[in-house]
Amino acid sequence: MDQELRDIGLRLHGWAADLFPVNRSLTGEGVRQTLRYLQGLNPELTIHSVPSGTTAFDWSVPPEWNVEEAYLEDEQGNRVIDFADHNLHLVGYSEPIDSWLDLEDLQIRLHSIESEPDAIPYVTSYYRRSWGFCLTDRQRKSLEPGKYHAVIDSRLEKGVLNYGDIVIPGDTTEEVFLSTYVCHPSMANNELSGPVVLSAIAQWLKNLPARRYTYRLVFIPETIGSIVYLSTHLDHLKSNVIAGFNVTCMGDDRCYSYLPSRAGDTLSDRAAQHVLSHIDPDYRSYTWLDRGSDERQYCSPGVDLPIASVMRSKFHTFPEYHTSLDDLSFVTPTGLAGGYEALRQCLYVVENNTIPRATVLCEPQLGKRDMYPATSVRGSANSSRLFRDILTYADGEHDLLSIAQLLSQPFPTVCVAAETLRNVDLITCE
Amino acid sequence: MDQELRDIGLRLHGWAADLFPVNRSLTGEGVRQTLRYLQGLNPELTIHSVPSGTTAFDWSVPPEWNVEEAYLEDEQGNRVIDFADHNLHLVGYSEPIDSWLDLEDLQIRLHSIESEPDAIPYVTSYYRRSWGFCLTDRQRKSLEPGKYHAVIDSRLEKGVLNYGDIVIPGDTTEEVFLSTYVCHPSMANNELSGPVVLSAIAQWLKNLPARRYTYRLVFIPETIGSIVYLSTHLDHLKSNVIAGFNVTCMGDDRCYSYLPSRAGDTLSDRAAQHVLSHIDPDYRSYTWLDRGSDERQYCSPGVDLPIASVMRSKFHTFPEYHTSLDDLSFVTPTGLAGGYEALRQCLYVVENNTIPRATVLCEPQLGKRDMYPATSVRGSANSSRLFRDILTYADGEHDLLSIAQLLSQPFPTVCVAAETLRNVDLITCE
Amino acid sequence: MDQELRDIGLRLHGWAADLFPVNRSLTGEGVRQTLRYLQGLNPELTIHSVPSGTTAFDWSVPPEWNVEEAYLEDEQGNRVIDFADHNLHLVGYSEPIDSWLDLEDLQIRLHSIESEPDAIPYVTSYYRRSWGFCLTDRQRKSLEPGKYHAVIDSRLEKGVLNYGDIVIPGDTTEEVFLSTYVCHPSMANNELSGPVVLSAIAQWLKNLPARRYTYRLVFIPETIGSIVYLSTHLDHLKSNVIAGFNVTCMGDDRCYSYLPSRAGDTLSDRAAQHVLSHIDPDYRSYTWLDRGSDERQYCSPGVDLPIASVMRSKFHTFPEYHTSLDDLSFVTPTGLAGGYEALRQCLYVVENNTIPRATVLCEPQLGKRDMYPATSVRGSANSSRLFRDILTYADGEHDLLSIAQLLSQPFPTVCVAAETLRNVDLITCE
């Protein structure tokens with residue numbers, strides 16, 4: 001990994017550390033705080049508000065949830081669990097409560113994982129009123145019999161759902177769509193890696209000297225956010241989006257992963273498979289049956305956007321998933337740098353993947369353009385092989401990505417050689 | 001195997017035992033007797049007669065053959081071979097003879113199998129006048145030199161070819177076509193298993209509360225019968241048949257077998273492969289080159305009906321094939337029950353294989369329909385996975401069978417879940 | 001290998017021996033001498049001349065090159081290298097020179113192969129003026145320090161490029177296109193095997209009692225020759241050519257090889273793969289990335305002729321390639337006979353590959369045509385299996401080649417059986 005990429009990794013890890021303590025959920029102050037921070041990284045980000053109760057296809061925007069404090073106190077007044085210590089301690093969307101309960105009555109309100117005694121699990125109850133606390137199994141087993149005071153000072157009331165988007169214009173109205181989510185509290189791989197990588201991608205895209213495509217980046221609460229966004233942008237997205245990625249789980253160091261779009265063979269899929277095969281030939285390839293994030297909506301029947309996913313360790317597959325162990329020691333600067341670079345390379349492929357067409361019939365005479373050795377000895381033609389291989393597939397049917405695949409070459413190698421051929425007018429590119 | 005299925009197996013074996021002694025051939029009293037017995041099981045069965053000499057494509061209906069008696073007598077008046085003992089003793093379609101021959105002249109009229117000394121082979125000479133006797137090789141070797149009196153009191157004369165058919169109406173005129181044959185004398189797997197299984201299938205079909213498709217079941221002499229049937233029903237069948245099976249070799253206990261249609265990828269083929277893979281993952285899969293029964297006609301060029309075969313041990317592959325050893329000890333109640341059940345499941349797939357289409361864009365909110373857990377913890381979504389997997393493929397392009405294949409689930413599981421989704425109006429089915 | 005084929009191999013080897021010493025190049029007297037010799041084998045061959053400077057697509061016909069003598073002389077007047085000894089000693093298209101050089105200044109003008117000390121390499125400089133000598137590395141290392149007299153009495157002047165062609169008419173104007181090259185000096189596999197095999201193929205084609213297709217055979221200098229030929233015949237070839245082969249490397253005994261057309265699935269490809277799989281199941285199958293001869297032009301984008309290659313050892317893959325070791329001991333009579341026979345069988349497939357269509361619906365009654373046994377016993381139908389297998393695929397969609405593949409039979413077996421079926425009017429052939 002080169003130094004520039006290392007530096008990017010460190011920067012991303014710093015952003016994630018800033019955002020880690022915020023109590024995000026589908027709605028509420030934590031989401032707004034997060035979006036405002038991301039706006040600081042990319043001032044073009046617009047923050048939108050959708051009122052509670054708004055209908056989006058089969059769904060309705062839930063009430064806004066905010067929490068003042070929440071704790072569990074024993075008879076001696078000790079706070080044995082406190083939301084202030086870790087925001088995973090509180091079940092997401094817990095309704096307000098102020099009540100004394102016997103430990104045995106309390107048990108059904110407690111969530112822990114027996115097999116992972118040091119992990120606080122992540123639990124939510126978005127769409128049915130409930131409340132509860134999460135704790136490590138070790139903590140739970142240490143609770144003495146007796147009475148406990150459960151206090152949750154939360155509000156569930158009409159408010160708004162927030163999301164952010166950035167549109168970075170290009171030479172055409174065809175769009176590349178990138179989505180990540182901002183609704184999980186203190187977890188690093190399955191959440192913060194996504195928004196920080198996508199923020200860095202936005203900075204990279206803005207700095208490109210030119211862009212063929214327009215880039216649309218959205219920062220939304222998962223599921224309800226993508227459904228709301230689709231419900232208000234469906235026609236536009238279906239008409240314009242030519243590729244895209246759902247950005248999640250981009251930050252650990254263990255592996256690279258690919259999850260296909262529902263169609264499985266879109267440009268996004270082809271780019272992802274090509275890029276990952278060159279970064280890590282052992283990358284993990286999942287199927288549509290392994291889906292689990294907003295690709296569920298983007299690729300649903302009738303929506304059918306070409307959205308694939310490149311990830312480090314995929315959601316649901318790492319033991320830290322949806323627990324307090326998914327933290328900033330599991331997610332590392334090099335892990336984030338690798339996730340960023342994989343996505344950046346995919347976008348490079350999409351942006352530069354033209355269809356070359358030869359301008360002359362038969363092989364051109366490369367020699368007169370100094371692209372072929374003057375003296376022909378055994379093996380001397382090898383130096384011009386890449387040019388000739390690109391030319392032989394420059395039939396208006398193969399795009400550069402399929403040519404790179406045919407030649408077992410990384411896309412940039414083929415792309416640069418094609419640019420040389422275009423400069424001497426031996427191909428045109430559409 | 002559940003008790004109901006065991007009972008069906010016993011019932012089928014009893015029917016086969018009743019029909020076993022009858023001397024069936026392409027034509028004659030034995031076929032009529034058999035069809036009348038089957039009419040007793042399903043009174044809707046209509047018996048048809050086609051006069052000898054009727055042209056059917058490249059063929060002509062042969063004369064009707066009936067036998068009073070046939071035997072081979074030695075000089076002492078002992079009947080060393082007697083048609084009355086086993087109807088395989090007589091070459092099918094033997095012309096009449098009454099003649100004394102030396103053993104050595106008789107030999108070319110005798111048929112036995114050296115490698116299977118206890119089997120009487122099944123031999124016919126339908127389309128060229130001839131006569132002969134079949135016997136075990138052990139019997140043959142015990143024949144003493146000397147003169148023998150060959151007596152065959154048979155008639156080959158203008159008459160009729162008979163076949164039966166049943167049409168069980170459904171909600172549409174689209175048809176499922178099922179064919180079996182009634183032209184083999186005393187053999188159990190390669191013949192009687194077919195008509196008895198198909199008779200039980202007819203009873204099952206009639207008792208269904210509703211049928212989407214019309215079911216056409218034919219009981220015919222093999223080859224000439226299917227050719228005659230096609231010659232008079234071709235346009236109707238080509239216009240209406242959407243799936244079908246040739247029903248043969250349904251009664252032994254050794255294995256399950258699949259023979260494709262000529263096209264290889266029809267609904268019948270897909271249903272057969274799916275059902276057998278769930279009944280017995282080690283089922284034997286043959287190719288079109290292994291064909292041998294009436295599928296040869298139903299799938300011939302220009303006919304092209306979607307007819308596949310599910311079988312137990314396939315014709316030509318078991319040592320008892322076309323000998324007296326293919327009897328009711330080789331064919332068993334559980335063997336027949338298994339054959340019946342495999343075919344019934346294939347028909348269940350065909351009948352219920354609709355194309356679901358989601359009624360809402362994006363994933364529906366299953367929670368508000370109590371189809372998703374209220375509290376979201378790690379793994380809690382698994383219980384609703386089947387619903388969500390069906391919905392994600394409910395795009396109007398995948399039928400339930402292809403969805404079952406994608407999900408590695410048995411068809412009924414997917415079918416029942418789809419019915420639930422239809423009941424809450426989340427999908428429509430075409 | 002039968003005697004007739006052995007005799008053909010000996011005849012071809014004799015022709016190659018006659019042509020071996022001639023100094024061929026892109027142009028010049030050696031090419032004309034070669035074409036005149038080939039005209040002796042097939043008087044129908046027409047020799048064409050294209051003036052130097054003629055434009056062909058991106059190329060221009062180079063000046064004509066002829067050599068009177070060329071040698072390297074030491075200070076004692078010994079000719080240490082002499083073009084008269086072996087015409088590979090001179091770099092192709094060397095410009096005239098008459099000059100004394102120190103050995104160290106001479107070195108950049110000398111070409112040898114360190115790893116093959118007894119091979120004179122083949123070197124050319126067609127499109128940039130240069131000169132040089134080629135020698136074995138052993139010779140090179142034995143050169144004493146001192147002055148050397150380099151003499152090349154060559155002419156590079158306006159003249160012509162020559163090529164030959166033969167058109168053998170058939171019943172239709174659809175064409176089979178066969179191309180080989182005549183521009184390499186004394187090398188046997190990578191050159192002379194091509195023109196001698198193609199000359200024998202011409203003789204075979206002319207002697208066929210009938211030809212469905214017209215056959216066009218061209219003998220050209222590689223690359224510039226095929227480009228020139230395409231530039232003047234493109235529309236005709238694109239409209240008429242239905243199959244074809246580039247004929248090269250047909251003479252050694254080591255293996256058989258197949259190089260696909262760019263499309264990869266043309267009739268030529270299918271014929272080549274079928275034929276080679278029956279001649280040698282271990283034949284080597286290359287990809288379009290391994291191309292290197294005139295198929296580069298014939299299959300280039302916008303030209304797209306269906307041209308594949310069957311070879312013995314493919315160019316670039318044998319150690320003798322493009323050196324003096326590629327001689328008439330490496331190329332053998334049996335090697336040439338094998339190359340000839342492989343190509344002849346491919347042409348037999350192309351010529352006879354009709355699409356059969358059954359004339360009757362359902363299976364025909366083969367018995368009444370004596371094509372099926374009168375008495376049916378177990379296994380008796382095997383004798384008619386080939387007929388029935390052809391008939392079942394005679395649906396107007398499968399050609400005989402695809403049927404041969406489905407049946408795992410050599411094409412001629414299927415072809416002969418189809419002819420029998422045609423003779424009894426059970427199929428028509430298109």
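Chain identifiers are assigned alphabetically (A, B, ...) following the order of the sequence lines, protein sequences preceding nucleic acid strands; residue numbering begins at 1 within each chain. Atom set for the values below is all heavy atoms of this structure, side chains included, hydrogens, waters and symmetry mates excluded.
Judged by distance alone, with hydrogens and angles left aside, the side-chain atoms of A:Ser268 form a donor-acceptor pair with the main-chain N or O of A:Gly244 at under 3.5 Å. Judged by distance alone, the side chain of C:Ser125 and the main-chain N or O of C:Arg128 form a donor-acceptor pair under 3.5 Å. With A:Thr266 contributing its side chain and A:Asp269 its backbone, the two residues share a donor-acceptor pair below 3.5 Å.
In this structure, C:Tyr126 and C:Tyr93 have perpendicular ring planes: the angle between them is above 60°, well past the 30° mark. Ring-plane geometry between A:Tyr283 and A:Tyr258 is classed as perpendicular, the angle between the planes exceeding 60 degrees on a 0 to 90 degree scale with a lower cut at 30. Ring geometry for C:Tyr298 against C:Phe177 counts as perpendicular: the plane angle is over 60°, on a 0 to 90° scale with 30° as the lower cut.
Salt bridge absent: C:Arg138 and C:Glu116 never bring a charged side-chain N and a carboxylate O closer than 4.0 Å. Salt-bridge annotation for C:Lys158 and C:Glu64: absent, with no side-chain N of the basic residue lying under 4.0 Å from a carboxylate O of the acidic one. C:Arg291 has a carboxylate O that lies under 4.0 Å from a charged side-chain N of A:Asp389, or vice versa, which qualifies the two as a salt bridge. For A:Asp304 and A:Arg262, the salt-bridge test passes: some basic side-chain N is under 4.0 Å from an acidic carboxylate O.
Side-chain polar atoms of A:Ser257 and A:Tyr286 form no donor-acceptor pair below 3.5 angstrom.
Neither the backbone nor the side chain of C:Thr287 comes within contact range of chain A, judged by heavy atoms closer than 4.5 Å. With a threshold of 4.5 angstrom between heavy atoms, A:Tyr372 does not approach chain C through any atom at all. Contacts between C:His316 and chain A at a heavy-atom distance below 4.5 Å are absent for every atom of the residue.
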Legend entry - ring pair (Phe, Tyr, Trp, His ring centres under 6.0 Å) between C:Phe133 and C:His111, intermediate numbers included: CA-CA 6 Å; C:Phe133 289 94; C:His111 302 272; 9.8 Å; no
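Crowding of A:Glu4 atom CD: a count of heavy atoms from other residues, nucleotides or ligands under 6.0 Å not exceeding 12.
Contacts between residues 404-430 of chain A and chain C, defined by a heavy-atom separation under 4.5 Å, are made by A:Leu406, A:Leu407. For residues 222-240 of chain C, heavy-atom neighbours of chain A at less than 4.5 Å comprise C:Ile227, C:Leu230, C:Leu234, sorted by residue number. For residues 347-369 of chain A, heavy-atom neighbours of chain C at less than 4.5 Å comprise A:Val360, A:Leu361, A:Cys362, A:Glu363, A:Pro364, A:Gln365, A:Gly367, A:Lys368, A:Arg369, sorted by residue number.
Looking at residues two or more places apart in sequence or on another chain, you find no ring-ring contact (aromatic ring centres under 6.0 Å, His included) involving C:His89.
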